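Every value quoted in this text rests on a predicted model; they were computed, and no experiment measured them. A, B, ... follow the sequence lines: proteins, then strands. Residue 1 opens every chain.
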2 protein chains.
Amino acid sequence: MGRQRPGTPTLEEVAALAGVGRGTVSRVINNAAGVKDSTRRAVQRAIAELGYVPNLAARSLAGRRADAVALVMTEPDWRKFGEPFFSEVVRAVGDALADTKVQLLLTLVRTDADRRRFVEYARGGRVDGVLLMSVHAEDTLPDMLADAGLPTVMLGRRSADESVTYVDADNAGGARSAVTHLLSHGRSVIATITGPLDMYVARCRLRGYREALKRAGIGIRPAWVVEGDFTEESGRRAMAEIIEREPEVDAVLAASDSMAVGALDVLRAAGRRVPEDVAVIGFDDFLRTQHTSPRLTTVRQPLEEIGRTMVRLLLEQMEDSAVAWRHVILRTELVLRDSA
Amino acid sequence: MGRQRPGTPTLEEVAALAGVGRGTVSRVINNAAGVKDSTRRAVQRAIAELGYVPNLAARSLAGRRADAVALVMTEPDWRKFGEPFFSEVVRAVGDALADTKVQLLLTLVRTDADRRRFVEYARGGRVDGVLLMSVHAEDTLPDMLADAGLPTVMLGRRSADESVTYVDADNAGGARSAVTHLLSHGRSVIATITGPLDMYVARCRLRGYREALKRAGIGIRPAWVVEGDFTEESGRRAMAEIIEREPEVDAVLAASDSMAVGALDVLRAAGRRVPEDVAVIGFDDFLRTQHTSPRLTTVRQPLEEIGRTMVRLLLEQMEDSAVAWRHVILRTELVLRDSA
DNA sequence: CTGAAAGCGCTAACAT
DNA sequence: ATGTTAGCGCTTTCAG
C-alpha cells in the first residue's frame, strides 16, 4: 500500500539541515511573515536540496484545511458525463479556482455505493467543501453533506424551497422570453423538448414555456411537449416524435443545447429549412448549435458567472462557517441570431 | 477554514462510550478479525449513536494508504474534456474500482500552475497512485510522478520507449487491418484524418495506415493525410479539405470516433452516399458513429479492458512498490459493419 | 525573530 | 480478545 514513500524527507530533516527549528521551516513553507530573510533563504535551500514536499495528511491533521474541494456530478447515467454542459461547468469552476492553492477534485457519483464512499471521504475531511451539479430532485446527497456541516453549494436546486445553498439561472424567465420572442416573430405552433422532469431545472423551463404561451392566449396541445434527458440523442427522438404528431410545428424550444443539436439533425433530415421553418433554442453556454446553425435564437446561461459565484459562496462558507444558507439566481441572456 | 467540523466525535470518544479501548474501536472500523462479536456490536452501536466518521487525515498519517487514486487528464484544451473518449475511460476506470474502498478523483491539468499544484497534492500523499490519460509527447508530468515514487500508470505512451508503466492498444495494427480491409473491398483512394501528431497514439495510427497502403503498393498522396485533433469539429474541417483536394477519395480512416462523426456530417452535406461511397473508421469504444451510420467498419479499442488493466497494474504497484516498470498492449478488434 | 513543546486522531506493535 | 503506548509529520501556541 502506497502513501508517501518511506525515506521522504520530513520537515524535521529540513530544519536540521538548515540549522533551524521546525517552527521556522513551517513558517517558511506557509509564507508566514516574521522570518529573517537570510533564514528564509537558508531554509529554502535546504528544502530544495532535500526535495522536500510537505506531507498533506499531517498538515490536515494538524488542524488546517485540506486545501481541496470536490466538484461532484451525481448522475446515474454516466453517458451524460460527456455532455458539453459538464465540461463547461468544470472549466468555469476550474478557472474560478485557478489562482488559489485549492485543488479541484472531480467526482462521479453514480451508485449508492459511490455515494457512501464519497460521503465518508468528504466527511472524513479530505475536502473543505463540495460543489454539486446535476442534482436530481430526490437526491439526498446534498443534505447528507450540508447536515454534516460541510460547506456545500449546488448548481441548480432540487425544488422551489431548496434548503442547501445554491446558484441557479432564471430558467423560467429564460424560457419565457425565448418563447415570447418566437411568438413576436410570427411563430404560433411552438413545441418544446424538455429536460428530464425529475429535475427542477427542466420543470422551470417547461413552466416558462407554458407561461409565455398562456399569456399569448395560445392553448398548448399535448403533442407539443416531449420529454428528453438533455442529450443529443434524446433531442433526436423527441424531434422525430414532434414532427410526426404535429407536422404543423413551426418552432421548437429545446431545453438544452445538445438536444437542440439532435433536433436540428432530424429537421434537416426531414427536409425542413432550418431555421427558416423552425427555430430552436438552446440553454447552454458552449453552444454547439453555433457551428451547426449559426442563426438561432438562444438563451445563454452565464456559466462563467455561475462557476465564479459557486466558488465564491463556497469559499465564503469555508472562511466563516457561520454564514447562513444563501441562494443566488442569475439572469439569462437572450441572444438573437435568427434570420427574422 | 473548513476541515472536519469542530465537535466531530473521535475514535476515543467512541471507545469511551462503548467502554472499550481505542485499539478495539480501530479494529472494528477496519473490519479486522479478532473482536468478540458482542464487543463489535457494542462498538458499532456507539459509532452509530455518535455519528462517528473516521478522520481520514489521521488515518493517512498513521501510516496507511490514502485510499484514493487520481485519474488525471492533462490537456491544455479543456474542450476535449467533453469528448466521449474521456467519459468512457472514466467509466471504465470507475467500474474497475467500483467495489473497492478506493475513491476515484478526476483531475484536470491544463496549465503549469495546475501541474505544480497536482504534483504537490499527489506527492503530498493524498493519493496512493495516479492514472494518466491523454498525455502529449512532451509532457513530463508522468516522470515527475513516477520519479517521486508514486505508482503511476498511463493510458497510451509518449514515445516508442516509454519509461513509465502504460497500457496501450495496438494502434498501428488496428489502423493497418482497417485499411487492409478497405483495400480488399475495392477502395483505393483512401485518405486519413489523423489525431494531433504530437501524440504518439496519433502517429501510430498514421503509421498503420501508411504501412497498409505501402504493402498494397499504393503511393500515398499528400492530400490524403490531414491532421485533426480528435474532435468532431476537426473531423469536419479535415473532411472538407480532403474532398476539396482529392474529390476521388473513396474511403477515409478517421483516427477517432468523434472525427468520424464530423467527417460523416460533411460527406452527407456534400451529397455523398455514406457509407456506399466512403467508409469511415473510428477508434473509440463508445461509437457515436453507430447512431449516425450503423454500417461502418470500425476498429474497436477495448476500453473496458484498458480500464481494468490500468487499475490492476496500479493496484499491484501500490501493494508492492518493488514491482518493476511494465507495459501491456491490448489487441484491437475490427468490427465489420460496412455494406460491402 | 526563532526554538521548544503540545497536540491533531488514528494505526499498529506490544502487552496483558 | 482487548487495553496501552508510541509515534505518523505538521501547525501552533508559548517562551525566550
Please identify which of these residues, A/R110, A/R116, A/R115, meets the salt bridge (Lys or Arg N to Asp or Glu O under 4.0 Å) condition with A/D112. A/R115
Which whole-number value in Å describes the distance from B/N30 CG to C/dA12 C1'? 11 Å
In whole Å, I'd like the distance from the CZ atom of A/R40 to the P atom of C/dT2. 9 Å
Output yes when a side-chain donor or acceptor of B/R158 lies under 3.5 Å from a complementary backbone atom of B/D139, and no otherwise. yes
Listed nucleotide nearest any side-chain atom of B/T24, set C/dG3, D/dT2, C/dG7: D/dT2
Separation of D/dT12 P from A/L61 CG (nearest whole Å): 12 Å
Parallel, tilted or perpendicular: rings of A/H327 and A/Y166 (30°, 60°): parallel
Grab the CD1-C1' distance between B/I29 and D/dT2 for me, whole Å please. 15 Å
Could you work out which one of D/dT2, C/dC10, D/dC8 sits closest to the side chain of B/Y52? C/dC10
With side chains defined as the heavy atoms from C-beta onward, is the minimum distance between B/V14 and B/L17 less than 4.5 Å? no
In whole angstrom, give the distance that lies between atom CZ of A/R126 and atom C1' of C/dG9. 13 Å
Out of D/dT11, C/dT2, D/dG9, which nucleotide sits closest to the side chain of A/T39? C/dT2
Would one find a side-chain N or O of B/N55 under 4.0 angstrom from OP1 or OP2 of C/dC8? no
Any donor-acceptor pair under 3.5 Å from A/E13 side chain to A/T10 backbone: yes
Could you check how far NZ of A/K36 sits from P of C/dC1, rounded to whole Å? 9 Å
Just the rounded figure in Å: distance from P of D/dT4 to CZ of B/R22. 10 Å
Which nucleotide sits closest to the side chain of A/V35: C/dC10, C/dT2, D/dC10? C/dT2
Measure from the side chain of A/S26, starting at C-beta and using heavy atoms only, and say which of C/dC1, D/dT11, D/dG9 lies closest. D/dT11
Heavy atoms from C-beta onward define the side chain here; which of C/dT2, C/dG7, C/dG9 lies closest to that of B/A62? C/dG9
Assert: residue with more 5' nearest nucleotide on DNA chain D, out of B/R27 and B/A58, is B/R27
C/dG9 P sits how many Å from B/L50 CG, rounded? 13 Å
Give B/T10 one of three labels, base, sugar-phosphate or nothing, depending on what nucleic acid heavy atoms sit under 4.0 Å from its own. sugar-phosphate
